[in-house]
Amino acid sequence: MSIIVLDRHAVETLLPMDECIDAVAHGMARTARGGTRQPPRSRLDLPLPGNLLSMMPGWIDEPEAFGIKVVSVFPGNFNVGLPSHRGLVLLFEAVHGALVGIFDGGAITAIRTAAASALATRLLSRPDATRLAVLGYGEQAEQHVAAMLVVRPISHVAVWGRSPDKAADFCRRLSEKHGIDMEPAASVQEAVAKADIICTTTASREPILQGAWVPEGCHLNIVGSSFPQNREIDAETVVRSRFYVDYKPSTLALAGDYQDALARGLIDENHIIGGTGDVLEGLAPGRGDARDITLYKSVGIVAQDLVAAQHLLNKALNDPAARDSGLVQSIRL
């Protein structure tokens with residue numbers, strides 16, 4: 001049996017954001033309906049603090065397949081122009097257990113994470129949201145700008161990052177790319193002051209966003225802190241928000257900002273209203289009114305990787321344009 005192989009460039013080309021949002025929506029719906037198996041991710045911490053190897057196996061029922069994502073996470077790579085997440089997604093068919101696809105895991109992670117935030121934004125933010133604040137200026141920040149433009153009529157983006165020069169360069173580059181108004185902010189508080197949507201995309205270990213700064217009616221995608229030791233938001237932000245997740249067991253195990261508020265006794269587990277798949281399937285309520293602060297806490301789940309890989313495999317096998325693009329490789333083992 002031939003095995004489809006897609007490198008980073010192929011994944012980025014063949015997985016446009018709008019298609020990935022639809023694929024992720026399917027994965028989240030199956031997660032809500034019990035159609036996935038997603039054991040806790042395992043990690044190997046490497047000698048240099050912050051560097052690690054992450055392994056995420058999983059299974060999905062429709063269409064049935066299973067697989068695993070194995071990626072290294074090296075946060076310092078950004079400073080030398082390299083992706084922070086590097087690895088592979090391996091996809092297996094469920095009839096005989098054959099490996100059918102090998103995909104660049106860093107590219108899938110970057111795109112599907114932003115796509116999951118876009119799904120949450122489509123479900124939970126106000127339909128008239130036009131002002132976006134992005135905290136961070138790395139790969140996830142760039143993908144989130146693109147994703148928000150798909151689901152809401154964004155006309156202005158404020159960007160904060162620890163380096164003002166890098167934030168300014170980020171704004172210039174993406175403003176030209178997307179044709180929208182973007183400007184760097186001198187502080188987090190300034191960036192979010194008029195925001196309808198906030199995306200946090202940093203690996204901060206201490207809160208950068210305070211609940212007192214979040215405008216009424218705002219929607220938040222909290223994305224960068226996917227390990228217990230990291231927190232991008234303070235406890236007040238958690239308390240003030242209608243709190244949604246990708247997958248509750250993963251949130252309880254990995255979301256440091258949620259765990260902090262829980263440990264302080266400020267909330268209980270009922271503070272999690274549901275997953276985005278639950279909202280999509282009508283199993284949990286969404287936004288109540290225009291004044292609500294809604295928050296989507298992302299830690300990333302393998303169901304999102306599997307549906308992205310399935311979409312890529314189907315496209316590589318059945319889309320004539322993809323087959324003729326020269327991007328699709330195959331091997332035999």
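Because the structure is a prediction, the values reported are computed rather than measured. Every heavy atom of this structure was used, including side-chain atoms; hydrogens, water molecules and symmetry mates were not.
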Could you report the tightest heavy-atom contact between [X] and [Y], atom names first, then the distance?
{"X": "Lys297", "Y": "Ala255", "value": "CE-CB, 3.7 Å"}
{"X": "Ala186", "Y": "Glu190", "value": "N-OE2, 3.4 Å"}
{"X": "Arg126", "Y": "Arg152", "value": "O-NE, 3.0 Å"}
{"X": "Ala116", "Y": "Tyr296", "value": "CB-OH, 3.5 Å"}
{"X": "Ala114", "Y": "Ala147", "value": "O-CB, 3.5 Å"}
{"X": "Arg287", "Y": "Thr294", "value": "NH2-OG1, 3.2 Å"}

Do [X] and [Y] make a side-chain contact, defined as non-hydrogen atoms from C-beta onward lying under 4.5 Å apart?
{"X": "Val328", "Y": "Leu14", "answer": "yes"}
{"X": "Tyr258", "Y": "Glu269", "answer": "yes"}
{"X": "Leu295", "Y": "Val214", "answer": "no"}
{"X": "Pro57", "Y": "Phe66", "answer": "no"}
{"X": "Trp160", "Y": "Ile208", "answer": "yes"}
{"X": "Cys199", "Y": "Val223", "answer": "no"}
{"X": "Met148", "Y": "Ser117", "answer": "yes"}
{"X": "His311", "Y": "His26", "answer": "no"}

Under 3.5 Å: donor-acceptor pair, side chain of [X], backbone of [Y]:
{"X": "Gln259", "Y": "Leu252", "answer": "yes"}
{"X": "Glu93", "Y": "Leu99", "answer": "no"}
{"X": "Asp234", "Y": "Gly211", "answer": "yes"}
{"X": "Asp278", "Y": "Gly275", "answer": "yes"}
{"X": "Glu232", "Y": "Ile222", "answer": "no"}
{"X": "Asp18", "Y": "Ile21", "answer": "no"}
{"X": "Asp246", "Y": "Ser298", "answer": "no"}
{"X": "Gln189", "Y": "Trp213", "answer": "no"}
{"X": "Glu281", "Y": "Leu283", "answer": "no"}

Problem set entry | Test log, rule side chain to side chain contact (heavy atoms under 4.5 Å, CB included), inputs Val302 and Asp305 | CA-CA 5 Å; Val302 72; Asp305 300 305; 4.2 Å; yes
I'd like to know if [Y] and [X] are part of one continuous hydrophobic network [Ile/Leu/Val/Met/Phe/Trp/Tyr, side-chain heavy atoms within less than 4.5 Å].
{"X": "Phe92", "Y": "Val71", "result": "no"}
{"X": "Leu312", "Y": "Leu327", "result": "yes"}
{"X": "Leu44", "Y": "Phe74", "result": "yes"}
{"X": "Tyr244", "Y": "Met28", "result": "yes"}
{"X": "Leu91", "Y": "Val5", "result": "no"}

How many angstroms lie between [atom1] in [X] and [atom2] in [Y], if you round to the nearest 0.5 Å?
{"X": "Leu313", "Y": "Ile3", "atom1": "CG", "atom2": "CD1", "value": "11.0 Å"}
{"X": "Thr36", "Y": "Tyr247", "atom1": "OG1", "atom2": "OH", "value": "5.5 Å"}
{"X": "Leu88", "Y": "Leu6", "atom1": "CG", "atom2": "CG", "value": "11.5 Å"}
{"X": "Ile60", "Y": "Gln304", "atom1": "CD1", "atom2": "CD", "value": "10.5 Å"}
{"X": "Asp196", "Y": "Leu132", "atom1": "CG", "atom2": "CG", "value": "9.0 Å"}
{"X": "Arg112", "Y": "Met17", "atom1": "CZ", "atom2": "CE", "value": "12.0 Å"}

Problem set entry | Steps toward side chain to side chain contact (heavy atoms under 4.5 Å, CB included) verdict (Val238, Ile267) | CA-CA 8 Å; Val238 176; Ile267 59 169; 3.8 Å; yes
For this session: Assess whether side chain to side chain contact (heavy atoms under 4.5 Å, CB included) is satisfied between Arg205 and Arg231, documenting all intermediate values.
Result: CA-CA 5 Å; Arg205 288 176 174 255; Arg231 291 188 298 140; over 6 Å; no
Within a reach of under 6.0 Å around [atom1] of [X], are more than 12 heavy atoms found that belong to other residues, nucleotides or ligands?
{"X": "Arg323", "atom1": "CZ", "result": "yes"}
{"X": "His9", "atom1": "NE2", "result": "no"}
{"X": "Arg37", "atom1": "CZ", "result": "no"}
{"X": "Arg162", "atom1": "CZ", "result": "no"}

Problem set entry | Asp22: side chain to side chain contact (heavy atoms under 4.5 Å, CB included) partners, not counting sequence neighbours |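 By the side chain to side chain contact (heavy atoms under 4.5 Å, CB included) rule, Asp22 matches Arg122.
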For this session: With sequence neighbours left out, write down each residue that passes side chain to side chain contact (heavy atoms under 4.5 Å, CB included) with Asp104, or none if nothing qualifies.
Result: Arg8, Val11, Ala107
Exercise. Given His85 and Thr109, is the side chain to side chain donor-acceptor pair (under 3.5 Å) satisfied, shown in steps?
Worked result: CA-CA 8 Å; His85 291 63; Thr109 299; over 6 Å; no
For this session: Please determine which of Leu174, Val159, Thr201, Ile154 meets the side-chain contact (heavy atoms from CB on, under 4.5 Å) test together with Val145.
Result: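 Answer to the side-chain contact (heavy atoms from CB on, under 4.5 Å) test with Val145 among Leu174, Val159, Thr201, Ile154: Leu174.
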Exercise. Is there a donor in the side chain of Arg41 and an acceptor in the side chain of Ser54, or the other way round, less than 3.5 Å apart?
Worked result: no
Seminar exercise, completed: Sorted by chain and number, sequence neighbours left out, ring pair (Phe, Tyr, Trp, His ring centres under 6.0 Å) with His156 holds for none
For this session: Given side chain to side chain contact (heavy atoms under 4.5 Å, CB included), test His144 with Thr113 step by step and report yes or no.
Result: CA-CA 8 Å; His144 272 73; Thr113 302; 4.2 Å; yes
